[in-house]
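What follows is one structure encoded as structure tokens, with my remarks underneath.
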Amino acid sequence: EDQVTQSPEALRLQEGESSSLNCSYTVSGLRGLFWYRQDPGKGPEFLFTLYSAGEEKEKERLKATLTKKESFLHITAPKPEDSATYLCAVIHGSSNTGKLIFGQGTTLQVKP
Amino acid sequence: DTAVSQTPKYLVTQMGNDKSIKCEQNLGHDTMYWYKQDSKKFLKIMFSYNNKELIINETVPNRFSPKSPDKAHLNLHINSLELGDSAVYFCASSDEWADTQYFGPGTRLTVL
């Protein structure tokens, strides 16, 4: 069964303290892996799409990487405004329906 | 310049009532989706439509009926509302089935 597991569930950092969020997946052939950011009371906001192992993407203080079993979202020198829930999702290779399978998310709190 | 919009933002109703949630996207996408986010923030797909044709119908009760009058709109009608239907419902759209999905702001449904 396709599954996405994110860890940790919650993470508290001091401003400037770099860290990484993990997304482990088991799917029958990965078609794409997506990272989203969700602020309280809002919809998920797209961050990155990764398609193949070894791929990396960056945006400001965020960097997403992908291996054959997991993805990491690295946060370098985070700021309080980076506080949010980060969601990982996958589409498996044989899907032609666009069905995203989400993890449960990691809630990040960055203290000043 | 909102990309994916939903109305209403909040919906409070009594058990047994029928209600609708509307979604519109101005991105020119061919595929639209409905997701449900439960109290634990877990996002799960309910339906997807491609060019007004139903593609995904996950194990959702028959009380939920999506309707797509055109490519830019996907509405969700819910009959005989139950307490367990209380959740946040998100609409999303993508260009193709495997492409990045863009989410609306969500509709918080509370059934009393």
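Chain A is the first sequence line, chain B the second, and so forth, proteins listed ahead of strands; every chain is numbered from 1.
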*asked:* Report which part of B:Q37 has an atom under 4.5 Å of a heavy atom belonging to chain A: side chain, backbone, both, or neither.
replied: side chain

*So what's closer than 4.5 Å to chain A heavy atoms on B:K9: side chain, backbone, both or neither?*
side chain

Transitively linked via ILVMFWY side-chain contacts under 4.5 Å: [X] with [Y]?
X     : Y     : result
B:Y89 : B:F47 : yes
A:I75 : A:L66 : yes
B:I45 : B:I55 : yes

Quick check on [X]: does its [atom1] atom have over 12 non-hydrogen neighbours (other residues, nucleotides or ligands) under 6.0 Å away?
X     : atom1 : answer
B:N62 : CG    : no
A:K79 : NZ    : no
A:R12 : CZ    : no
A:E81 : CD    : yes

Between [atom1] on residue [X] and [atom2] on residue [Y], distance to nearest 0.5 Å:
X     : Y      : atom1 : atom2 : answer
A:I91 : B:S94  : CD1   : OG    : 7.5 Å
B:F42 : A:F102 : CZ    : CZ    : 9.5 Å
B:K41 : A:E9   : NZ    : CD    : 13.5 Å
A:K42 : B:F90  : NZ    : CZ    : 11.5 Å
A:K99 : B:K44  : NZ    : NZ    : 7.0 Å

*Under a 4.5 Å heavy-atom cut-off, does chain B meet the side chain of A:I101, its backbone, both or neither?*
neither

*Where does A:E45 contact chain B at under 4.5 Å (heavy atoms): side chain, backbone, both or neither?*
neither

*Validation row: A:L100, B:Y33 side chains within 4.5 angstrom (heavy atoms)*: no

